[in-house]
Amino acid sequence: MQRPARGSGRPAASRGRPARRGSGGGRFSGESVREWIARLRPLFALGLVLFVLALLAMLFVGGVVARTVKRVEAATDAFVAEAGFGIAEVRLAGNVRTPPETILAALGFRPGQSIFAADLQAARARLKRLDWVADAEVRRRYPDAISVSLIEKLPFALWKSPDGVFVVERSGGRITDKNVASFAALPLLDGAGAPEHAAEIVDAVEQRRAVAARVKIYQRKSDRRWNLILDDGVVVELPETDWRKQLDTLESLIVDKSILERNISEIDLRSPTHYFFVLKGDSSKRPDRGSEL
């Protein structure tokens, strides 16, 4: 009987190819490594993105990027200007009451500044904030000019407000409180709400020559009706409605009855059927003879 070989209690290694390394002993195979790298790839990408963002944030906070951009812009502007596209001229049109130096200051352009870098919309917005400017157009005129065309507000009247005297537009909008003495020939308004409602009555008065020659102040009362203050201080009280008819009456009183030659201080035209007057030094109102309308 043949004896078993020495060490036959251990499993014999099979003949042929040796066992693959990594199949035991805790070592990775090539496929396992590739799978591990594939799983970690998104994490690496995310980490790289976060690193770049953090770096950019530090650069912005430190002003490095802003300073770099400004340097690049300055260099570009200089190059463009040297090429013949630097602002050398500003052409103005439509400005009657707005001084050229005020316009140039509002534009904010520098001589030699790149014509392409000029912010035309911002310049237009600054121009429209000037007292007399209703609208503005700002355009590039290549190679080196900027053209500015203004539409200025039209002065209609002076308004005595609690804040001072203002030049106002026909619509009632304030224009300016500077140099108002040069507009002394304009109608003078007084009272709250006067600028917004004055155009209609001023136009009506100007159609009546005798009244227009004597009116000094258009006084708005309680924002409902008008008084006319004449040049000799006589107060003419008009009604809330149908005041055009009473203006005709006042025209007739001045021209036909010479009422302003009398010693009166007030003419009350608020009644639809009669007019009344007050003598100077007398507070009582009395009807004139033939005062029926």
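Only this structure's heavy atoms are used, side chains among them; waters, hydrogens and symmetry mates stay out. Note that the coordinates shown come from a computational prediction; the quantities given were computed from them, not determined experimentally. In what follows, residues are counted from 1 in the order of the sequence shown.
Atom OH of Tyr275 is separated from atom CD1 of Ile267 by 9.0 Å, given to the nearest 0.5 angstrom. If you take CZ on Phe166 and CG on Asp131, they are separated by 9.5 Å, rounding to the nearest 0.5 Å. Annotation: the span from Leu253 atom CG to Ser258 atom OG amounts to 10.0 Å, rounded to 0.5 Å. In this structure, CD1 in Ile115 is found 10.5 Å from CD in Glu89, a value given to the nearest 0.5 Å. Interatomic distance, CD1 of Ile254 versus CD of Glu261, reported as 11.0 Å (0.5 Å rounding). Note that CG of Leu250 and NZ of Lys245 are 14.5 Å apart. Values are rounded to the nearest 0.5 Å.
Residues Ile146 and Arg140 are in side-chain contact: their nearest non-hydrogen atoms beyond the backbone lie under 4.5 Å apart. Contact check for Trp159 versus Arg174: side-chain heavy atoms found under the 4.5 Å cut-off. Looking at Leu230 and Val236, their side chains come closer than 4.5 Å, going by heavy atoms from C-beta outward. The shortest distance between side-chain heavy atoms of Asp223 and His197 falls below 4.5 Å. Looking at heavy atoms from C-beta onward, Asp177 lies out of side-chain contact with Val167 at the 4.5 angstrom threshold. You'll find the side chain of Leu127 stays beyond 4.5 Å of the side chain of Arg129, heavy atoms only.
A single hydrophobic cluster is not seen to contain both Leu186 and Val205; linkage of ILVMFWY side chains at heavy-atom distances under 4.5 Å, directly or through other members, places them apart. Cluster annotation: Leu130 is not connected to Leu154 through the hydrophobic network of ILVMFWY side chains, with a link wherever side-chain heavy atoms come within less than 4.5 Å. Put simply, Val255 and Ile259 are part of two different groups of oily side chains (I, L, V, M, F, W, Y) that touch within less than 4.5 Å, one to the next. There is no path of hydrophobic side-chain contacts, each under 4.5 Å, that joins Leu188 to Leu247. Under the 4.5 Å side-chain heavy-atom criterion for Ile, Leu, Val, Met, Phe, Trp and Tyr, Val235 and Leu238 are members of distinct hydrophobic clusters.
Closest heavy-atom contact between Asp248 and Arg208: OD1-NE, 2.8 Å. Of all heavy-atom pairs between Trp132 and Pro155, the closest is CZ3-CD, 3.9 Å. Residues Ala136 and Leu150 come closest through the heavy atom pair CB-CD2, 3.6 Å. The two residues Ser182 and Asn179 have their closest heavy-atom pair at OG-O, 2.8 Å. Here the shortest heavy-atom pairing between Val202 and Pro187 reads CG1-CG, 3.9 Å. Annotation for Leu228 and Val211: closest pair CD1-CG1, 4.3 Å, computed over non-hydrogen atoms.
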Quick one: do Arg139 and Arg141 satisfy side-chain contact (heavy atoms from CB on, under 4.5 Å)? Show the steps, please.
-> CA-CA 6 Å; Arg139 289 187 175 183; Arg141 298 297 183 188; 3.9 Å; yes

List the steps and the verdict of side-chain contact (heavy atoms from CB on, under 4.5 Å) for Glu200 and Trp243.
-> CA-CA 11 Å; Glu200 189 176 19; Trp243 47 265; 3.9 Å; yes

Between Glu169 and Ile175, does a side-chain contact (heavy atoms from CB on, under 4.5 Å) hold up when you go through it step by step?
-> CA-CA 7 Å; Glu169 298 178 90; Ile175 298 178; 3.5 Å; yes

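We find that Asp135 and Arg124 are joined by a salt bridge, their nearest charged nitrogen and carboxylate oxygen being less than 4.0 Å apart. Ionic pairing of Glu196 and Arg220 is not present here: no N-O contact between side-chain nitrogen and carboxylate oxygen is shorter than 4.0 angstrom. Salt-bridge check for Arg270 with Glu237: passed, with a basic side-chain N closer than 4.0 Å to an acidic carboxylate O.
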Side-chain donor-acceptor distances from residues 212-219 under 3.5 Å, at least two apart:
unit_1 : atom_1 : unit_2 : atom_2 : d
Arg214 : NE     : Asp231 : OD1    : 2.9
Arg214 : NE     : Asp231 : OD2    : 3.2
Arg214 : NH2    : Asp231 : OD1    : 3.3
Arg214 : NH2    : Asp232 : OD2    : 3.3
Gln219 : OE1    : Asn227 : ND2    : 3.4

Identify every side-chain donor-acceptor pair in residues 92-109 under 3.5 Å, counting partners at least two apart or on other chains, and give the distances.
unit_1 : atom_1 : unit_2 : atom_2 : d
Asn95  : ND2    : Thr98  : O      : 3.2
Thr98  : OG1    : Glu152 : OE2    : 2.7

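Between Phe85 and Tyr142, the two ring planes are perpendicular [angle over 60°; tilted spans 30° to 60°].
Between the Arg170 side chain and the Phe156 main chain, no donor and acceptor come within less than 3.5 Å of each other. In this structure, the side chain of Ser222 does not engage the main chain of Arg224 through any donor-acceptor pair within 3.5 Å.
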